[in-house]
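Beneath this line is the structure, given in structure tokens, with notes to follow.
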Amino acid sequence: MQTLIKNGTIITEKATIRADLLIGGEKIIQISDTIQTDSSARIFDATGLLVLPGGVDVHVHLDLPMFGTVSSDDHYTGTKAAAFGGTTTVIDFVSQNSDNLLKNVKQLREKAERNAAIDFGLHANITHLSTVVEKAIPSLVKEGITSVKVFTAYNNRLRLLDGEIFKVMRIARDNGILTMLHAENGDVIELLVNEAIAEGHITPEWHSRTRPVWGSVEAVVRGSALSAIANAPLYIVHMNAAGEVDQLEYARKQGLNVMGETCPQYLFFTEEDLKKPDGSKWICSPPVRKEEDQKRLWEGLLTGVIQTIATDHCPFFYDGTKPIVYEDKPIAIPGKELGRNDFTKIPNGLPGVGDRMPVMWTEMVSSGRFSASQFVSLTCANPARIFGMYPQKGTIQIGSDADLVIWDSNLIVNYGVAHSQQRTDYNLYEGWKLRGFPVQVFSRGDLIVDRGNWLGKPGRGKYIHREPFVNQ
Ligand code: URP
Ligand code: ZN
Ligand code: ZN
């Protein structure tokens, strides 16, 4: 069956064009001034509306066990929320539950394939290195996993030593795999947390006070230096600090293949939010910082020092003792209240996968600070390209998957938890007036969101077998 989107204004990372667009099956098959079809085609009139590529969020954590609970969006609810916000591809992370990397991949992939409503890929966390793991890393590529994440923080849990990170980078380099870095100083955090607890500090603001900004800055320098010595590409996740942007800019000026991602929470919130009575809602790692950090992150986006905007979507209930109604059924999942008397027990992470596109459009494009093409670059095309999915995803071209969003740039939405589809009991953008919102969302040619109605279903999302990393 063919689907025709008529009279829309198509936005890609390169151009804005007034054209009709024809979908045949799962793909875009024609883009022209005017397209005629036979009477069997479904026709959508996009007069006065934009047609954007579906958003690509390369950093989400779905159904992730943490601190005795689990992130409250699973592969169905999280991908449904993504779709409502105009995102049609996500990449989740495979935890290293054992040294058998392929077994870990298989388990998560099968679970996600049963549940995902939009297409998804996987990164692999490398959190314990052994000769078995070193030998197994290259085998990820034939599974379509061409990125691994390493951590300089979370001592005794996820962190690798510098020498181990260096080893991973070299193996990754030789196999077309991109290394991603969580940049904080694990030793400093461990010491400061122990001191804070011993001194009786229990409130959420101590989460940021024990994760100092200079720890993140030095870890970005350290990661860049290791990448330079290993001659391996590096992608810094969830960049949050002015000094990190400075160091990334320096690394890139030296010609290093180091790239960066930031997330909306670091652009809009500060450590002052952690001091509020409900401050645990803003607990994530690395923490939200200061206004001067926000300013430099925005500058980094504008000048091209930072390449992508993802979410690090990892939601928890604010009060998981009180059920919410989700798809007509009550549900409660233990959440931030677990750390009511101890900030170290507050599950780390925030909701955001459904908020990203409309919030960022409002603040970037509706505000007049960025062009629509810059928005598409940062939220769709660059992430797809860096992570081996372009031009299948992230753009609008003949042959690309028909992952499309008919977007009303004038639609005003009074946003908040009642509007967003993320399965949690709060929204960080409560009361925000958003300008620009998806009207219809297509995933591989299927209409899955139609003016606020859900037409998708669990299991229709496909696993994306990603291509090896190519120097950017
Ligand atoms: O607080 C966060 N970001 N939780 C998810 C884990 C991570 O480090 O990305
Ligand atoms: Zn991280
Ligand atoms: Zn994360």
Side-chain angles (χ1 to χ4, degrees), residues 57-73 78 82 90-96 108 120-127 147-160 165 168 178-186 189 193 204 206-208 210-211 215-216 219-220 222-223 234-241 244 259-267 269 271 273-274 279-289 308-318 335-336 338-339 343-353 355-356 383 387 422 424 428:
D57 187 346
V58 293
H59 191 154
V60 304
H61 301 277
L62 302 172
D63 211 6
L64 176 72
M66 194 191 296
F67 298 3
T69 183
V70 65
S71 61
S72 62
D73 265 325
V90 293
I91 310 186
D92 191 12
F93 293 78
V94 181
S95 300
Q96 192 185 336
L108 186 63
F120 68 96
L122 297 172
H123 310 287
N125 284 350
I126 304 297
T127 53
S147 43
V148 292
K149 183 178 177 192
V150 294
F151 300 77
T152 53
Y154 302 121
N155 283 10
N156 308 315
R157 214 155 57 84
L158 306 175
R159 178 182 168 189
L160 291 187
I165 291 175
V168 170
L178 175 61
T179 303
M180 307 162 77
L181 180 70
H182 176 120
E184 288 187 286
N185 188 308
I189 293 167
V193 165
W206 285 88
H207 178 75
S208 69
T210 54
R211 305 185 87 95
S216 289
V220 169
R222 195 171 5 139
L234 183 67
Y235 176 92
I236 317 277
V237 293
H238 42 49
M239 293 188 64
N240 52 90
E244 289 188 318
M259 294 152 281
E261 156 201 291
T262 191
C263 310
Q265 54 271 27
Y266 301 115
L267 298 167
F269 303 106
E271 55 197 29
D273 290 297
L274 295 172
S280 63
K281 288 178 179 171
W282 284 269
I283 292 264
C284 59
S285 295
V288 291
R289 304 288 188 189
T308 70
I309 301 170
T311 60
D312 199 6
H313 177 76
C314 187
F316 295 92
F317 277 52
Y318 171 61
K336 304 277 186 184
L338 295 172
F343 73 91
T344 66
K345 296 195 166 56
I346 301 171
N348 290 198
L350 312 172
V353 74
D355 310 328
R356 179 185 70 136
F387 289 97
Q422 295 154 168
T424 182
L428 294 174

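Both ligands and their constituent atoms are indexed starting at 1 by order of listing. Values reported hereafter were calculated over all heavy atoms of this structure, with side chains retained and with hydrogens, waters and symmetry mates removed. One is the number of the first residue; the rest follow in order along the sequence.
- Protein heavy atom at the shortest distance from atom 3 (N) of ligand 1 is Asp312 OD2, 2.5 Å.
- Side-chain N/O atoms of Ser216 and Arg289 include a donor and acceptor closer than 3.5 Å.
- For the residue pair Asn240 and Gln265, no side-chain donor N or O sits within less than 3.5 Å of a side-chain acceptor on the partner.
- Within Asp312, OD1 is the N, O or S atom that lies nearest to the Zn ion (ligand 3).
- In terms of protein heavy-atom proximity, atom 6 (C) of ligand 1 is closest to His61 NE2, 3.7 Å.
- In this structure, a donor-acceptor pair under 3.5 Å is present between the side chains of His238 and His182.
- Within the set Asn125, Leu64, Asn348, Thr311, the minimum heavy-atom distance to atom 4 (N) of ligand 1 is found for Asn348.
- With a 4.5 Å cut-off on side-chain heavy atoms, Pro351 and Asp73 do not count as touching.
- If you check the side chains of Thr344 and His207, you find no donor sitting under 3.5 Å from an acceptor.
- Under a 4.0 Å criterion applied to the non-hydrogen atoms of His238, ligand 1 contributes the atoms 8 (O), 9 (O).
- A donor-acceptor contact closer than 3.5 angstrom links the side chains of His123 and Ser147.
- Listed by atom number, the atoms of ligand 1 under 4.0 Å from Tyr154 heavy atoms are 6 (C), 7 (C), 8 (O).
- Under a 4.0 Å criterion applied to the non-hydrogen atoms of Lys149, ligand 1 contributes the atoms 7 (C), 8 (O), 9 (O).
- For His61, the nearest N, O or S atom to the Zn ion (ligand 3) falls under 2.8 Å.
- Rounded to 10°, the angle that NZ of Lys149 and NE2 of His238 form at the Zn ion (ligand 2) is 120°.
- Close approach of ligand 1 to Cys284 (heavy-atom distance below 4.0 Å) involves ligand atoms 1 (O).
- Between the side chains of Asp57 and Thr311, at least one donor N or O sits under 3.5 Å from an acceptor N or O.
- A cation-pi arrangement, defined by a distance under 6.0 Å to the six-membered ring centre and an angle within 45 degrees of its axis, is absent between Lys336 and Phe317.
- Interface of His182 with ligand 1, defined as ligand atoms under 4.0 Å from a residue heavy atom, comprises 8 (O).
- Taking the six-membered ring for Trp and the full ring otherwise, the centers of Phe387 and Tyr235 sit less than 6.0 Å from each other.
- Residue contacts to the Zn ion (ligand 3): His182 brings no N, O or S atom closer than 2.8 Å.
- From the protein, the heavy atom lying nearest to atom 2 (C) of ligand 1 is Ser285 O, 3.5 Å.
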